[in-house]
Protein chains: 2
Amino acid sequence: MNDSAPLDLARLRRSCSQCSLQQLCLPAGITAHELDRLDEIVRRRRTIERGERLFRIGDPLAAVYVARDGAFKTVTISEDGEEQVVGFHLPGELIGLDALGEGAHRCEAIALGNANVCDVPFDQLTVIAAQLPSLQQQLLRVIGHSLNRDHDHMEMLVRRQANERIALFLHGLGERFRQIGQSPVAFKLPMSREDIARYLGLALETVSRGFTRLQEDNVIAVHGRRVEILDPEELVRLAHGVDADEAPARARRSR
Amino acid sequence: MNDSAPLDLARLRRSCSQCSLQQLCLPAGITAHELDRLDEIVRRRRTIERGERLFRIGDPLAAVYVARDGAFKTVTISEDGEEQVVGFHLPGELIGLDALGEGAHRCEAIALGNANVCDVPFDQLTVIAAQLPSLQQQLLRVIGHSLNRDHDHMEMLVRRQANERIALFLHGLGERFRQIGQSPVAFKLPMSREDIARYLGLALETVSRGFTRLQEDNVIAVHGRRVEILDPEELVRLAHGVDADEAPARARRSR
DNA sequence: CGAGATCTTGAACTAGATCAAACAACGTGG
DNA sequence: CCACGTTGTTTGATCTAGTTCAAGATCTCG
């Protein structure tokens with residue numbers, strides 16, 4: 001390790017604390033020295049243009065990635081050339097774990113807007129993780145969170161009603177914004193309606209209609225990609241299958 | 001720790017080589033000594049009755065599990081009490097990773113038939129993994145495979161047509177049977193039609209109809225839970241969105 | 001400011017859910 | 001061994017939510 005002046009370390013900590021480390025390191029009570037070691041291997045602040053790919057299907061697992069800023073989608077391509085959106089990745093969420101199994105990526109990671117990312121070379125990460133138990137724990141936890149997001153995604157897809165999926169999607173997205181320190185009730189969607197549709201297994205028209213419906217019911221306000229959640233509780237209720245239709249002061253019929 | 005006679009080690013190896021280790025250890029070129037260490041912590045051959053649960057929602061992460069024989073489903077319960085089937089687990093496939101993120105299980109794991117499982121206490125596993133690089137690698141790979149299965153599942157759910165989902169499901173299940181050394185074209189479904197329906201986000205009647213349709217087209221033969229795949233290539237084709245219907249009697253040409 | 005991309009809205013059509021009922025497989029106990 | 005309920009599966013008929021096709025509105029950005 002190099003001469004770690006306190007100044008230098010402070011800079012590292014700041015940069016990493018807002019970035020991946022928000023989840024990857026800090027909460028585990030990692031020491032300054034440990035953070036230093038991790039930071040040595042991270043290649044920081046690469047700029048990625050909108051639409052550019054972080055990796056493609058079949059690429060060998062070289063690194064895992066974290067957007068410091070800017071969101072990504074991961075997609076698979078079906079035989080007929082259609083994109084399936086497998087996941088969205090907000091800043092601070094790990095990208096690239098899809099290659100863990102076979103050592104090669106099964107998805108493409110596409111920037112939804114201009115972004116800059118940190119690369120964490122995977123082989124070096126595992127070496128360090130083996131030496132630092134707290135980092136190993138934390139790595140597993142982060143992988144677990146990624147798994148949880150996949151499960152959340154599946155729960156959306158299994159929901160029968162399109163409006164439930166959409167409500168669940170908006171609510172979940174809000175919660176993820178909350179976790180990265182942004183407002184959970186007012187945000188700009190990083191992805192298009194079409195991306196959302198391919199993520200939810202719906203037609204894009206259905207997504208659009210779902211949005212306007214929620215707006216009519218005063219649950220959200222939409223202006224293009226700007227979304228404001230006006231009635232979070234109602235949104236959650238809708239997400240969990242409570243049939244909407246009566247928004248006014250009507251009683252609830254159980255039918 | 002105990003007197004490890006060569007005889008004993010041989011037994012361990014045999015037991016583990018057919019069990020979890022099929023994926024968890026052997027392929028990584030683990031040495032006899034390493035295998036021995038892993039084996040020390042594994043609690044083996046617990047018997048689980050049909051319908052019994054390995055863990056429940058909210059249970060703290062105590063161990064990961066591998067069925068030595070017998071299949072499991074993992075489910076979540078939606079507010080209205082309905083089961084959502086999150087995954088199926090054939091013998092040799094790891095169960096319990098859903099707790100990695102928060103340290104508590106998000107699913108219930110229910111035995112689809114009588115089974116016996118090995119428990120791998122999680123904290124001990126991570127300790128040993130940190131000491132044995134090849135085991136750490138292998139652990140990550142196994143987690144990756146679990147992730148891949150989730151993605152396969154999502155790809156099924158996103159498919160628009162019910163018949164595509166069903167074809168994809170049967171094909172994927174066959175491949176998983178192949179991986180555990182069983183026939184990929186003739187097997188007994190460990191789960192009910194209802195479980196399949198809840199896994200695919202369909203009504204159980206739709207699953208049933210899908211099966212009979214495939215049978216009418218001579219792609220598969222079904223007798224209750226016994227399935228035989230008669231025309232694997234056609235099954236794959238159907239799974240990937242090639243509209244079926246033509247070829248009512250025989251004669252598949254072209255393409 | 002304009003042209004392409006993105007989003008909304010309308011109308012018609014259809015795949016699949018839902019309701020309902022018959023049927024098969026499987027113990028279990030008489 | 002058979003009647004019996006129980007549970008799982010198939011099949012039929014209807015009805016609705018969401019897809020599809022089409023057109024118009026709005027946004028974005030060179």
Side-chain angles (χ1 to χ4, degrees), chain A residues 49-51 73 80 82-83 85 110 112-114 156-167 169-170 188-217 220-227 238 241 243-245 255, chain B residues 49-51 73 80 82-85 110 112-114 156-167 169-170 188-217 220-227 238 241 243-245:
Chain A
E49 303 274 309
R50 171 173 208 266
K73 64 176 174 183
D80 55 351
E82 296 288 301
E83 273 189 11
V85 177
I110 305 177
L112 292 168
N114 295 340
M156 282 180 233
L157 289 170
V158 165
R159 298 272 163 188
R160 302 294 170 65
Q161 307 292 336
N163 291 331
E164 286 179 48
R165 297 190 205 182
I166 294 168
F169 172 73
L170 286 174
K188 181 160 174 295
L189 296 172
M191 72 294 280
S192 69
R193 298 286 189 274
E194 181 162 23
D195 286 335
I196 298 174
R198 294 189 187 289
Y199 180 75
L200 294 179
L202 299 171
L204 78 91
E205 294 95 329
T206 307
V207 174
S208 184
R209 281 185 244 269
F211 277 30
T212 47
R213 179 66 197 284
L214 286 171
Q215 184 156 26
E216 286 167 1
D217 292 353
I220 63 173
V222 206
H223 303 92
R225 292 197 178 181
R226 282 232 66 93
V227 171
L238 293 173
D243 254 339
D245 54 19
R255 166 206 300 240
Chain B
E49 303 274 308
R50 168 173 211 266
K73 64 176 174 182
D80 55 349
E82 296 288 301
E83 274 188 10
Q84 311 282 2
V85 177
I110 305 177
L112 292 167
N114 296 340
M156 281 180 233
L157 288 170
V158 164
R159 297 275 163 184
R160 302 294 170 67
Q161 306 292 336
N163 291 331
E164 285 178 49
R165 298 190 203 181
I166 293 168
F169 171 73
L170 285 174
K188 182 162 174 295
L189 296 171
M191 72 294 279
S192 70
R193 299 287 190 274
E194 181 163 25
D195 287 333
I196 298 174
R198 294 189 188 291
Y199 180 76
L200 294 180
L202 300 170
L204 78 90
E205 294 94 328
T206 307
V207 173
S208 184
R209 281 185 243 269
F211 276 31
T212 48
R213 180 65 198 284
L214 285 171
Q215 183 157 28
E216 285 167 3
D217 293 353
I220 63 173
V222 206
H223 303 93
R225 293 197 176 179
R226 283 233 64 93
V227 171
L238 293 173
D243 257 337
D245 57 14

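Every chain is numbered from 1, with letters handed out A, B, ... down the list of sequences.
Between B:Leu214 atom CG and D:dT9 atom C1' the separation is 16 Å, expressed in whole Å. Nucleotide D:dT10 holds its P atom 16 Å from the CZ atom of B:Arg213, rounded to whole Å. Computed from coordinates, the B:His223 NE2 to C:dC23 C1' distance equals 16 Å when rounded to whole Å. Rounded to an integer number of Å, the gap from A:Ile196 CD1 to C:dT8 P is 9 Å. Protein atom CD1 of B:Ile166 is 14 Å distant from nucleotide atom P of C:dA15, rounded to whole Å. If you take CZ of B:Arg193 and C1' of D:dT10, they are 9 Å apart, rounded to a whole angstrom. If you take CD of B:Glu82 and C1' of C:dT18, they are 13 Å apart, rounded to a whole angstrom. Spacing between atom CG of B:Leu112 and atom C1' of D:dG8 amounts to 14 Å, rounded to whole angstrom units.
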For nucleotides 25-27 of chain C, print each protein N/O atom paired with a nucleotide N/O atom at under 3.5 Å, atom names and distance only.
none

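Remark: A:Thr206 pairs with A:Ala162, A:Leu202, A:Ala203 by the side chain to side chain contact (heavy atoms under 4.5 Å, CB included) rule, at least two apart or across chains. By the ring-ring contact (aromatic ring centres under 6.0 Å, His included) test, A:Phe169 pairs with A:Tyr199, sequence neighbours left out. Contacts of A:Leu204 classified as side chain to side chain contact (heavy atoms under 4.5 Å, CB included), with partners at least two apart in sequence or in another chain: A:Glu194, A:Ala197.
When all heavy atoms of A:Arg159 and A:Arg165 are compared, the pair lying nearest together is O-NE, 2.9 Å.
Rounded to 10°, the angle separating the first-five-pair axis and the last-five-pair axis of the helix from C:dT8-D:dA23 to C:dG30-D:dC1 equals 40°.
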Apply side chain to side chain contact (heavy atoms under 4.5 Å, CB included) to residues A:Ile166 and A:Leu200 and explain how you reach the verdict. CA-CA 8 Å; A:Ile166 294 168; A:Leu200 294 179; 4.0 Å; yes
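The main-chain N or O of A:Glu49 is never found under 3.5 Å from a side-chain atom of A:Asn114 such that the two would form a donor-acceptor pair.
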Mark up nucleotides 16-30 of chain D, 5' to 3', with B wherever a protein heavy atom is under 4.0 angstrom from a base atom, S wherever such an atom reaches only the sugar-phosphate, and - elsewhere. -SSBBBB--------
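Residue B:Arg225 places its CZ atom among more than 12 non-hydrogen atoms of other residues, nucleotides or ligands, all under 6.0 Å distant.
Base engagement by A:Ser208 is indicated by at least one non-hydrogen atom pair under 4.0 Å involving a base atom.
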